[in-house]
Structure formats: structure tokens, C-alpha cells
Protein chains: 2
Amino acid sequence: MGIVERKEREKAEMRRKIVDVAVRMFVEQGYEKVSIRNIADKIEYSPATIYLYYKDKDQLLYDVQTEAFDSLYKAFAEQVTSSDPFERLEQLAYAYLDFAWKNPELYDLMFIIKAPMNAIAEEEKWKGGDDSYNALVNLVSECVEKKLIRQNDPALAALSMWAFAHGFVSLQLRGRCQKATGYTEEEMPDVIRRAVKEYLQLIKA
Amino acid sequence: MGIVERKEREKAEMRRKIVDVAVRMFVEQGYEKVSIRNIADKIEYSPATIYLYYKDKDQLLYDVQTEAFDSLYKAFAEQVTSSDPFERLEQLAYAYLDFAWKNPELYDLMFIIKAPMNAIAEEEKWKGGDDSYNALVNLVSECVEKKLIRQNDPALAALSMWAFAHGFVSLQLRGRCQKATGYTEEEMPDVIRRAVKEYLQLIKA
DNA sequence: CAAATATACTAAACAGTGTTTAGTTTCCAA
DNA sequence: TTGGAAACTAAACACTGTTTAGTATATTTG
């Protein structure tokens with residue numbers, strides 16, 4: 001009797017439905033304007049139903065986050081194609097920036113907002129973004145091995161690169177870059193791209 | 001008749017009282033746990049009274065932010081003392097990191113959280129952090145002039161440095177660094193300090 | 001000085017939030 | 001067919017930021 005299997009499948013489908021509309025609503029309206037009631041309305045269930053599938057809002061956000069990290073990893077896979085490791089590093093950086101400008105609300109949820117990290121404290125281990133970050137670490141490791149960059153600690157070099165990119169993105173997403181530099185919002189992505197290129201030139205062996 | 005002056009003074013005193021306890025509560029309990037009602041309770045007025053002195057919560061947060069930026073600037077003034085411009089740049093960076101580790105909740109409010117920036121859109125110009133950022137830009141400009149660093153665009157070099165430091169701090173404050181590197185939370189400030197030092201060595205002429 | 005007015009303040013309400021409880025309906029197994 | 005589990009929800013709870021209407025208090029005016 002495949003009833004328990006079907007029930008499990010239905011449960012999984014319902015979760016899918018919930019995170020799907022949650023993701024869409026986040027992308028369209030931004031984190032702050034999406035409430036459990038809004039989501040419940042959209043999927044035509046009562047708010048309480050969502051709590052049958054998610055312990056709390058943070059747990060739901062955690063799943064939304066995971067979804068977003070998948071998108072980022074997909075973007076990496078598509079845009080990081082060069083045969084030269086250092087060039088791949090460049091492509092990875094640009095793909096990261098691109099993702100941020102195209103999905104600012106998702107970026108918020110993945111890296112800036114506090115909320116979903118509360119759920120993670122309870123998790124065994126935070127797997128979110130692991131694939132993407134590993135891609136960076138592996139790439140940097142390769143560059144270190146082949147002496148393409150000046151640093152020699154891959155872990156620290158990778159973290160530094162991430163911090164540099166993330167710093168720019170998060171300042172930009174909060175409107176700080178324009179206030180600081182006087183560039184317009186449209187110009188900034190290009191300015192940041194140049195700054196990241198400059199950084200890569202600095203670390204180039 | 002100094003009555004209007006007294007009234008104005010009293011109005012200013014009340015505002016002081018409000019932002020003072022607001023700052024204290026932010027530092028102690030964090031942004032998310034401080035409500036208008038909490039603040040009102042602490043100063044022993046009704047919540048509605050706060051709205052006689054602040055248009056909305058964002059406007060109050062803006063004042064709290066300004067307060068926090070003053071503290072940062074003070075930290076700069078105290079810790080940036082060397083006669084050598086490049087060394088001063090180093091001191092500035094370390095002072096920035098120090099401030100973040102000592103006042104994580106204030107840092108959140110100043111640079112990470114969305115909230116007070118809503119108020120700023122309405123302001124003529126965002127003066128928050130202007131002094132501190134100008135200190136950085138001036139310092140970087142001096143370094144560029146004296147050819148102490150390899151970059152030649154002071155605006156971009158300053159922004160890059162800020163982005164680098166802010167990237168580390170904001171990743172760290174969201175627990176991302178530990179998850180990524182495996183270092184403990186206590187070790188991270190030191191690791192980040194090393195990374196920043198490495199960056200400064202990279203840009204050193 | 002008394003009346004009129006402006007100011008300071010608040011109780012109560014409004015509309016929203018995340019979440020829980022208690023109760024109903026639906027479905028499956030014995 | 002009936003007993004019990006599972007799915008679902010209406011309503012409530014305890015919050016949030018904010019507004020409204022009304023009450024005291026202080027100041028100005030006749």
C-alpha cells in the first residue's frame with residue numbers, strides 16, 4: 001500500500017508550493033512585505049496550515065534561502081567556463097555581482113538579513129551556499145597551487161575575495177556607495193566591476 | 001520672554017532622553033527587540049508621546065544612527081595617531097574593525113539594516129558617517145599623492161577599502177565566516193585583522 | 001484675574017504581524 | 001460501518017507601528 005508514500009509526496013508537494021510562492025513574493029515585493037498571511041492567501045490556505053509544514057517563519061525562510069543558493073550555483077555553472085583558472089576566478093566574481101544586481105531581494109535573504117540564520121542554529125550544519133562557496137575555495141586553491149595569485153592560504157584568500165565582493169554588494173544594496181562616491185545608481189555596478197577587477201589584478205601573481 | 005526658548009530646550013531634552021535610552025536598548029538587546037512601546041516604558045511616557053517628537057520609528061533610528069556615527073568618529077580620532085599616512089590607514093582599518101566587534105548592534109544599525117535609510121530618502125542629504133568616511137577618503141588621497149599605495153583613484157581606493165572591511169564585518173556578524181572557514185567565533189576577529197593587513201600589504205606601493 | 005487658546009500628554013483603537021489552540025472536516029484502517 | 005488519525009481552519013493571543021480623540025496643563029489674550 002503506497003498510501004504513506006503518497007502522503008509523503010503530497011506533503012513534499014505542499015512544501016514546494018509554499019516555498020515557490022514565497023520565493024516569487026520575495027523577489028517581487030521584498031522580504032519585509034511578505035507575511036505568512038500573504039503567502040497563505042496566495043496558495044489559498046489558512047495561515048495556520050503553513051505551520052503544519054514549517055515550524056516557524058525562519059524555517060520557511062531557510063528553505064527559500066536554499067532555493068536561492070541553488071540559483072546562484074546554477075549561475076556559476078553557466079558563467080564560469082574558461083579553461084584558465086584565474087579567468088574562471090574572474091568569471092565567478094562577475095557572476096556573483098550579476099546575481100546580486102538581478103536578484104537583490106534574494107541576495108538580502110541569503111547574506112544580509114538575520115532572520116533565516118536563527119533557524120540554522122538549530123540545524124545540524126548549515127549547508128546553504130556550501131556548493132557555491134566550495135566552488136570558490138576550489139578555484140582559489142587551484143590558483144594558489146599553480147601560483148597564479150600572490151596569496152598562499154587558500155581559505156583566507158577565498159574568504160577575502162568573498163568579503164570584498166560582498167562588501168561592495170551589501171553597501172550598494174543599502175545605497176551607501178552612491179552616497180559615498182557621488183556616482184548614480186546605474187553607474188555603480190560598473191564601478192564595482194572595475195574595483196573587483198582591480199582587486200584581482202592586485203592579487204595576480 | 002524666553003518661554004519659546006525654554007520650550008525648545010525642553011523639546012530637545014526630550015529628544016535626547018528618547019535617543020539615549022534607544023541607543024542603550026539597541027546596544028543591550030539588539031535592533032529587533034526594541035519597540036516603541038519598550039522605549040516609551042523605559043522613559044515612563046506613553047508610546048504616543050514619542051510620536052510628538054519623532055515622525056516615525058525610522059526618524060528615531062536615524063538619530064540613533066547619527067549618535068553611533070559620532071562614536072565611530074571618536075574612535076577614529078583616538079586610535080588614528082601615527083605620523084605616517086600609510087600607518088594611519090592601518091590604524092583606521094583596525095579601529096573600524098574594533099568598533100564593529102565592540103558595538104555589533106550599532107554596526108548593524110549603521111550599515112546593515114534597511115530601516116533608517118527610509119528616513120534618509122526624505123532627508124536633503126545623508127550626513128551620517130560623512131565625517132568618518134571623509135577621514136578615510138582624505139587619508140587615502142594623501143597616500144595616493146605621496147605614492148604610498150598602488151592605486152591612483154582615491155575615491156575608488158577608499159570605497160574598495162571600506163567594502164573590504166565591511167564585507168568581513170557583515171559576514172562575521174551573520175556568522176558566515178565561521179561556517180565558511182571553520183575557525184571559532186573568538187578566532188575570527190584576529191583572522192580578519194590578518195586578512196585586512198594582507199590587503200593593505202597588497203595595495204602598498 | 002478670567003476666559004480662550006495653544007501645548008503636552010495619553011487611553012484606546014486600528015491594522016497589521018507571527019503563532020497557538022481548539023474544533024471541525026476529511027480520509028484511511030480495522 | 002465505525003473509530004481514530006490526519007488535514008485543515010476560525011478565532012484568539014500577544015505582539016508590532018501608528019493614529020485619533022479627548023483630557024489635563026500651561027500660556028496668551030481680553
Side-chain angles (χ1 to χ4, degrees), chain A residues 1-19 21-22 25-26 29-65 109 113-119 121-122, chain B residues 1-19 21-22 25-26 29-65 109 113-119 121-122:
Chain A
M1 50 183 96
I3 287 177
V4 294
E5 284 88 344
R6 199 209 61 211
K7 291 250 161 156
E8 243 164 75
R9 208 173 51 235
E10 281 173 355
K11 197 132 193 164
E13 273 166 22
M14 184 64 149
R15 285 171 115 104
R16 265 252 66 80
K17 205 179 198 168
I18 295 172
V19 326
V21 357
M25 291 178 77
F26 277 120
Q29 303 170 42
Y31 166 74
E32 276 160 340
K33 296 198 172 166
V34 177
S35 69
I36 296 287
R37 278 177 176 81
N38 294 157
I39 296 171
D41 270 8
K42 198 81 101 186
I43 60 171
E44 295 177 298
Y45 280 85
S46 94
T49 299
I50 289 179
Y51 287 88
L52 300 174
Y53 297 89
Y54 287 101
K55 182 178 146 287
D56 55 27
K57 201 187 180 188
D58 277 359
Q59 288 289 343
L60 168 54
L61 289 191
Y62 179 69
D63 265 19
V64 172
Q65 212 192 40
L109 197 87
I113 282 169
K114 229 170 194 165
M117 296 310 278
N118 301 334
E122 297 163 22
Chain B
M1 52 182 92
I3 287 178
V4 295
E5 284 88 344
R6 198 207 63 210
K7 291 252 160 158
E8 241 165 76
R9 209 172 50 234
E10 282 173 354
K11 196 135 195 163
E13 272 166 22
M14 185 63 149
R15 284 172 115 103
R16 264 252 67 80
K17 205 179 198 169
I18 294 172
V19 329
V21 357
M25 291 179 77
F26 277 120
Q29 302 170 42
Y31 166 75
E32 278 159 340
K33 295 198 172 167
V34 178
S35 69
I36 297 286
R37 278 176 176 82
N38 294 159
I39 296 170
D41 270 9
K42 198 81 100 188
I43 61 171
E44 296 175 299
Y45 279 84
S46 94
T49 300
I50 289 179
Y51 287 87
L52 300 176
Y53 297 88
Y54 287 101
K55 183 179 146 284
D56 55 27
K57 200 188 179 185
D58 277 358
Q59 288 290 343
L60 168 55
L61 289 191
Y62 180 70
D63 265 20
V64 173
Q65 213 191 39
L109 197 87
I113 281 168
K114 229 170 195 167
M117 296 310 278
N118 302 334
E122 296 162 24

Query - Candidate pair B:Thr49 and B:Met14, rule side chain to side chain contact (heavy atoms under 4.5 Å, CB included), full reasoning - result: CA-CA 10 Å; B:Thr49 300; B:Met14 185 63 149; 3.7 Å; yes
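Rounding to the nearest 0.5 angstrom, the gap separating the CE atom in B:Met25 from the CG atom in B:Asn38 is 4.5 Å. The NZ atom of B:Lys42 sits 10.5 Å away from the CD atom of B:Glu44 when rounded to the nearest 0.5 Å. Separation of atoms CZ (A:Arg16) and CD1 (A:Ile18) is listed at 11.0 Å; rounding is to 0.5 Å.
For DNA chain C, the neighbouring residues in residues 44-51 of chain B, judged by any heavy atom under 4.0 Å, are B:Tyr45, B:Ser46, B:Ala48, B:Thr49.
The two residues B:Leu60 and B:Ala22 have their closest heavy-atom pair at CD1-CB, 4.4 Å. Shortest non-hydrogen contact noted between B:Ile50 and B:Ala40 is CD1-N, 3.8 Å. Nearest heavy atom pair, residue A:Val64 against residue A:Leu109, reads CG1-CD2, 3.3 Å. Shortest non-hydrogen contact noted between A:Ile36 and A:Pro47 is CG2-O, 4.1 Å.
Five base pairs at each end of the helix from C:dC1-D:dG30 to C:dC27-D:dG4 define two local axes, and these are offset by 30° (rounded to 10°).
One atom, CD of A:Glu32, and another, P of C:dT17, lie 13 Å apart when rounded to the nearest Å.
Between A:Tyr53 and the phosphate of D:dC8, there is a side-chain N or O to OP1/OP2 separation shorter than 4.0 Å.
Nucleic acid contact class of B:Tyr54 (heavy atoms, under 4.0 Å, all strands): none.
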Find every protein N or O atom lying less than 3.5 Å from an N or O atom of nucleotides 13-16 of chain D, and list the pairs.
unit_1, atom_1, unit_2, atom_2, d
D:dT16, OP1, B:Ser35, OG, 2.9

